[in-house]
Protein chains: 2
Amino acid sequence: MDPHLLRTYVTVARLASFSAAARELGYTQSAVSQHIAALEQDLGTDLLTRRPVAPTPAGERLLEHAGPLLLRLEAARADVVRRAAAPEHGLTLATTPTALGPRTVAALPRAGVTLRVLAREEVPEAVAAGRADLGLVDGLAAPSDPLRLPDVAPLTTYGVGEESVCVLLPDTHPLAGRPGLRLGDLAHARWLDAPDAGLPLAQLRAAAGGSGFRPALRYEGTDVRVLTALAAAGHGLTLLPRTAATGVPGAVAVPLAQPRVVHRVELVCLGTPGGPAARLAEVLLDGGAGAGTPV
Amino acid sequence: MDPHLLRTYVTVARLASFSAAARELGYTQSAVSQHIAALEQDLGTDLLTRRPVAPTPAGERLLEHAGPLLLRLEAARADVVRRAAAPEHGLTLATTPTALGPRTVAALPRAGVTLRVLAREEVPEAVAAGRADLGLVDGLAAPSDPLRLPDVAPLTTYGVGEESVCVLLPDTHPLAGRPGLRLGDLAHARWLDAPDAGLPLAQLRAAAGGSGFRPALRYEGTDVRVLTALAAAGHGLTLLPRTAATGVPGAVAVPLAQPRVVHRVELVCLGTPGGPAARLAEVLLDGGAGAGTPV
DNA sequence: AGCATGCCATCAGCAATGCTTATCGCGTGT
DNA sequence: ACACGCGATAAGCATTGCTGATGGCATGCT
């Protein structure tokens, strides 16, 4: 189970072609063929059907393991070399835009902090690769369920807060006066697609269990104020945690009644943090111990 | 970052000796020395101090990655070869003793199920290595915090229930009439140490944030009834989820008031389950959606 | 102090791995 | 029917990765 073999295997599976994989990896087709044969012999099973090239059931299973494994190998490598190159670099906190609430901001040390706002999938990756000491990720989850984070390193997660989720509507919207809204009823409304600033539509669809939620406008920035302004101007609806959705001029935040999901924020760190990271983590966790407190 | 190199690295770090690691791994000392040198050159940093042999900071970091990585490589391998050897094997559910509640039992299909009761750390490992299709793990956690599971595979976890934690006391115990108990006050009581049946004392100590909790009797089986009988007979106290602690003859269950921890049960599966595993998972999750419902 | 011991680093040599080039068998599409 | 593209296989060769031997350097004992 040499990682090189795994890498060629996932490449072959992805491209459904030995030759194409060879080109992409800079090998000859012969080498790729030998790699796959070695893997299959090692594991004692066929992993791919040839003509057409497709993973067998055992191969499917291997793919589930191999992808994350390779990611983590790379992350581990990046983490160690980075830490070796820059021995002292203060405290870096990676966060998604809506995970950073007033409580966290207040808890930050007064000096030596680098705050890095990233897209949702990039935060765990940054922590895993040592580009950040701590990460804050938010997302939708069933009450008391952990978030589904990409599996890039032996990360430890702590729930630092859960709060209700609101739909942000322009105050002229016919549903603006409602006390609560059902997500299913809004599947065919106009939605903002802001994967980096708000909650990605994919999470919405998954939560609602259906399709719909066609994007009316896509915003690729990470600024929540732009997002709320877009929603207020009627470009589309968006889902936000309560504290981020209240107080927007021209818009009202209506809590989501169905499905029962919460906006959850988790603190992510690699292994057992030490030094300033540990202290910040402690402050965040202590302050957030009461469940349901916005971060 | 060849896994072989990582393996020798963690071995050297563990044994604090090149020669001993060489003996254990079946290499010559020379080979081990070359492995470490190759790793250090590859990563561009020293990983070990020699004389005495100890990991450098960068090496510490690498250790945090390397252990889990190697575990997962092995688990992936075991999973694939097993799946190849035994293509059809019904549905196997691995569980800790106290994670299996009446609701789960009721949800099981009427045929073709293998139920495997394992110790707490073995459950994720069994799922990762394909020895079980699904796992149920329980443990203590802060309310709405995920359990800290060993990181052996790209496992997906779902919270399937949280319930309160009780101290099981013989009904003759002076504290038996109390409405609630503080764990800190019980640090010096006699405790049962039942790592495989109940909740391990280590988790207790961690939850209480202190020391104490000396074991009066150690029970290495997995039978909860034996554990409750021992507690009723005054051999020591034990912590159990409410449903498991009630109705024990000769003993009473007193809820734990401090610290604020819950008994949490999580469903663990590898990647996206298919077939009968998916159906069982769905039943468990649907039934348990209301938070706080015992499983 | 002197010496012996155990440790890790280094070097040379050798076997095995892992790549390349070349060729073959086999389906497919024209 | 034929040419093409794909993957498997064989032979050759450079490199890797091991072993065994040796060297420098501490520590501990006499």
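Small disclaimer: the values here were computed from a predicted structure and weren't measured. Letters A, B, ... mirror the listed sequences (proteins, then strands); counts begin at 1.
Put simply, the side chain of A/Thr45 gets close to the backbone of A/Leu43: a donor and an acceptor are under 3.5 Å apart. A donor-acceptor distance shorter than 3.5 angstrom exists from the side chain of A/Tyr9 to the backbone of A/Gly59, with no hydrogens or angles considered.
Listed here is the closest heavy atom pair of A/Leu147 and A/Ala141: CD2-CB, 4.0 Å. In terms of heavy atoms, B/Thr96 sits closest to B/Arg120 at CG2-CA, 3.6 Å. Minimum heavy-atom separation, A/Asp193 to A/Arg218: OD2-NH1, 2.7 Å. Nearest heavy atom pair, residue B/Cys269 against residue B/Leu134, reads CB-CD2, 3.5 Å. Between A/Gly67 and A/Val10, the shortest heavy-atom contact is N-CG1, 4.5 Å.
The CG atom of B/Leu39 sits 12 Å away from the P atom of D/dG17 (whole-angstrom rounding). Distance B/His35 NE2 to C/dT10 P: 16 Å, rounded to the nearest Å. We find that CG of A/Leu5 is positioned 7 Å from P of C/dG18, with the value rounded to whole Å. Distance B/Glu40 CD to C/dC8 C1': 12 Å, rounded to the nearest Å. In this structure, the CG atom of B/Asp42 is 13 Å from the P atom of D/dT16, given to the nearest Å. In this structure, A/Leu48 places its CG atom 12 Å from C1' of D/dG7, rounding to the nearest Å.
For B/Arg14, the CZ atom sits in a packed shell: over 12 heavy atoms of surrounding residues, nucleotides or ligands are nearer than 6.0 Å.
Residues from residues 53-61 of chain A lying near DNA chain D, meaning a heavy-atom separation below 4.0 Å, are A/Val53 in numerical order. Listed by residue number, the members of residues 12-33 of chain B with any heavy atom below 4.0 angstrom from DNA chain D are B/Gly26, B/Tyr27, B/Thr28, B/Ser30, B/Ala31.
Contact check, B/His4 against D/dC18: no side-chain N or O comes under 4.0 Å of OP1 or OP2.
When ring centroids are compared, A/Phe213 and A/His188 stay outside the 6.0 Å threshold.
Residue B/Gln34 places a side-chain atom within donor-acceptor reach of the base of D/dT19, judged by atom type and a 3.5 Å distance cut-off alone.
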